[in-house]
Amino acid sequence: MIEVQNLSKSYADKLAVRDVSFSVEKGEILGFLGPNGAGKTTTMRIITGFMPATSGTVTVAGYDVFSQSLEARKRIGYLPETVPLYPEMTVEAYLKFVARLKGLPSSRIGERLEYALDACQIKDVRGKLVSKLSKGYKQRVGIAQALIHDPDVIILDEPTVGLDPKQINETRQLIKGLGGQHTIVLSTHILPEVSMTCGRVVIISNGQVAAEDTPENLTKRLQGRDRVQLEAKAPRRELVDALKVVPGVTHVSAEDVDGGRVRCEIEGTGKRDVRSELAATVVGKGWSLLELRAASMSLEEIFLKLTTREEEAA
Amino acid sequence: MKDAPGLAVEPDPTQAPAEADEAETTAAERRRARRTAARTRGASSRTRTLASYPLRNIGTIAGRELYSLFASPIAYLVIAFFLVMNGYLFSIILFNSQQASMSTSFADMAIILLFLAPSITMRLLSEEQRSGTIELLLTSPLRESELVLGKWLGAMGFYLVMLALTLPYPLFLLKYGSPDLGQVAGGYVGIILVGGVFLAIGLFISSLTQNQIIALAASIGVLLVLWLFQGAGQSFGSGGGASLAQYLALAPHFDSFTSGNIRLNDLVYYLSLIVIALFLAVRSVETRRWR
Ligand SMILES: Nc1ncnc2c1ncn2[C@@H]1O[C@H](COP(=O)(O)OP(=O)(O)OP(=O)(O)O)[C@@H](O)[C@H]1O
Ligand SMILES: [Mg+2]
């Protein structure tokens with residue numbers, strides 16, 4: 001349904017997106033995950049036809065978003081980062097306007113309006129001025145606006161930003177429910193968000209795709225997150241026993257290297273950084289610590305940059 | 001893709017022909033397709049129901065613009081100011097000249113408009129850029145020309161309402177005197193065209209900035225220069241320079257309308273200014289995408 005091929009975009013002299021390729025199948029919900037400034041918004045703006053790419057191609061439902069732009073745009077619903085609202089309009093007038101703008105036949109506007117009001121739970125504010133709505137309600141009107149014309153593809157740029165935990169949950173349920181009928185791409189910098197809503201994740205960092213997988217597989221790969229390498233001058237057996245009891249450590253493997261040194265691979269739960277405690281343990285036993293470092297993968301660094309705190313949503 | 005190896009990428013060709021034969025279907029078939037689409041809501045029938053009609057798009061934009069204009073207090077201030085100023089000048093002129101004529105009133109009206117039109121146009125495109133609604137507009141199946149025309153027509157609609165409220169003046173003259181109706185009609189045609197030019201230029205300028213106040217100031221400045229170009233020409237002395245300035249300036253073309261003998265070249269002059277300004281606005285919105 002969406003094909004992004006070798007997409008690059010530079011602003012003035014800055015390369016914001018470089019050589020990004022991915023595709024989204026019909027009915028799929030794809031999470032577009034990346035830290036601030038990664039290029040999520042830029043990529044989405046190109047997919048939706050708001051701005052042209054510097055190089056590369058994007059097709060939506062078989063239409064090139066640049067050369068067959070109008071055809072592609074008819075099939076896309078888009079919630080930009082800043083919700084495009086007219087404060088002086090009522091919710092209902094605004095949604096009708098968007099429906100007409102997107103080319104929905106007049107005969108279907110009534111039905112789709114009711115559907116969108118219902119799906120986004122904004123029926124009770126339909127007659128209110130947009131300027132009088134709370135942030136959460138504005139966001140919902142923004143989502144309603146993106147689905148009102150029953151588009152094949154829905155692009156949502158950080159749809160849960162600024163919502164309270166209850167609303168976040170509701171919005172995720174709504175998005176989940178839209179999957180299957182619509183093809184959805186949503187961007188976020190919140191890691192748990194993608195595992196809750198998306199069938200597949202593309203991680204983008206520094207304008208490049210860093211990884212692409214299902215949330216489950218990514219979580220598995222992430223379990224290597226707290227892998228630590230340690231080298232010390234110590235008796236192997238005792239060293240292993242001492243390290244095993246450090247809180248948060250799940251597994252320790254060790255091998256002798258010449259010169260009486262031992263090299264250990266330590267795996268943690270990933271919930272906390274065990275390195276300082278490991279160091280304290282080794283030094284406390286009177287052994288000499290030669291090396292201690294996180295066995296870092298590039299993916300891990302990206303994840304560390306992602307906001308993972310989400311206690312509120314639980 | 002890894003986890004869904006069986007799913008082929010949606011092939012483009014199946015979509016394109018579907019669009020092609022849509023053009024050949026009769027209206028009845030299309031209506032039927034629409035009903036089916038409403039029932040099944042499948043992806044392919046969904047795409048079928050969406051077509052783009054330029055007039056509908058222009059109407060949608062113009063309609064929303066009117067909605068917003070009349071929802072804003074500034075609009076009523078503009079109307080009130082326009083009517084009060086005009087009423088005041090109209091009665092002074094009438095009192096002093098003791099003639100049932102509106103030609104001087106129209107010239108005054110144009111000057112008032114020169115300051116008021118920019119306050120109508122200042123937000124037209126600049127506000128869309130500032131608030132981010134431009135992202136909605138430019139990602140909708142809408143051509144830039146449709147957007148610009150819709151905006152201009154919306155502003156024109158507002159202007160015509162405002163102008164209609166001045167109709168009591170000629171009616172008053174008609175009741176107590178015998179005005180030259182040709183002159184009055186010509187004056188209205190002229191003032192509508194001049195207003196159209198002001199609004200088109202203001203619209204173009206509002207496409208250049210996100211800041212309404214800059215759009216307002218720049219529009220008033222540009223309109224003043226265009227209106228008074230004539231004076232500048234005269235200071236070059238007579239000859240080619242002066243007559244060129246005379247031709248380019250807005251004001252000299254206005255007289256033929258209020259005198260009741262509309263000259264074709266004045267009509268063409270105003271219409272081409274409108275077209276040029278709207279064209280520039282379209283180009284300006286188009287190049288926005290590339291920035
Ligand atoms: N209009 C612009 N002009 C110049 N540079 C820009 C523009 N928009 C974005 N950038 C730059 O391009 C890079 C990618 O920005 P983008 O907005 O796509 O990131 P993002 O992933 O959406 O970030 P965020 O999570 O903060 O929304 C950033 O470095 C940003 O500074
Ligand atoms: Mg962004």
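Below, chain A is the first sequence line, B the second, and so on; all start at residue 1. Atom set for the values below is all heavy atoms of this structure, side chains included, hydrogens, waters and symmetry mates excluded.
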query = Closest heavy-atom contact between B/Glu135 and A/Phe50?
reply = CA-CE1, 3.6 Å
message = Taking atom CZ as the centre, does A/Arg126 end up with more than 12 heavy-atom neighbours from other residues, nucleotides or ligands that are less than 6.0 angstrom away?
response = yes
message = For A/Lys138, I'd like to know if atom NZ has over 12 heavy atoms of other residues, nucleotides or ligands within 6.0 Å.
response = yes
message = Can you tell me if B/Ile74 has over 12 outside heavy atoms packed within less than 6.0 Å of its CD1?
response = no
ask   = What part of A/Ser69 lies closer than 4.5 angstrom to a heavy atom of chain B: side chain, backbone, both or neither?
value = neither
Counting only pairs under 3.5 Å, give me each side-chain donor-acceptor contact of residues 150-158 of chain B, with atom names and distances, residues two or more places apart or in other chains.
from     : atom 1 : to       : atom 2 : distance (Å)
B/Lys151 : NZ     : B/Glu65  : OE1    : 2.4
B/Lys151 : NZ     : B/Leu124 : O      : 3.0
B/Lys151 : NZ     : B/Glu128 : OE2    : 2.5
B/Trp152 : NE1    : B/Gly196 : O      : 3.1

task = For residues B/Leu142 and A/Leu70, determine if any side-chain heavy atom of one lies less than 4.5 Å from a side-chain heavy atom of the other.
result = no
key: Residue A/Lys132 excluded, over 12 heavy atoms near NZ under 6.0 Å   = no
Toward chain B, the part of A/Phe22 with a non-hydrogen atom under 4.5 Å = neither
Residue, of B/Ile61, B/Thr60, B/Leu137, B/Ile134, that accumulates the most heavy atom pairs under 4.5 Å with chain A = B/Thr60
B/Leu69 vs A/Glu88 side-chain heavy atoms within contact, under 4.5 Å = no
side-chain hydrogen bond (donor to acceptor under 3.5 Å, both in side chains): pairs with one or both residues in residues 212-222 of chain B, sequence neighbours excluded = B/Glu127-B/Gln212
inquiry  = I need the residue from B/Gly132, B/Ala71, B/Ser68 with the largest number of non-hydrogen atom pairs under 4.5 Å to chain A.
reply    = B/Ser68
key: Beyond-backbone contact of A/Ser106 with B/Arg56, side-chain heavy atoms, under 4.5 angstrom   = yes
ask   = For the side chain to side chain contact (heavy atoms under 4.5 Å, CB included) test, which of B/Leu136, B/Leu147, B/Thr139 pairs with A/Leu101?
value = B/Leu136
ask   = Within a radius of less than 6.0 Å around CZ of B/Phe81, do more than 12 heavy atoms belonging to other residues, nucleotides or ligands occur?
value = no
ask   = Which bit of A/Leu79 is near chain B, if near means a heavy-atom gap under 4.5 Å: side chain, backbone, both or neither?
value = neither
ask   = Which pair of non-hydrogen atoms, one from A/Lys102 and one from B/Pro141, has the smallest distance, and what is that distance?
value = O-CG, 3.6 Å
message = Heavy-atom cut-off 4.5 Å, strictly under: side chain, backbone, both or neither for A/Thr90 against chain B?
response = both
OG on B/Ser140 to CZ on A/Arg100, rounded to 0.5 Å = 13.0 Å
Heavy-atom proximity to chain B below 4.5 Å, by part of A/Val65 = neither
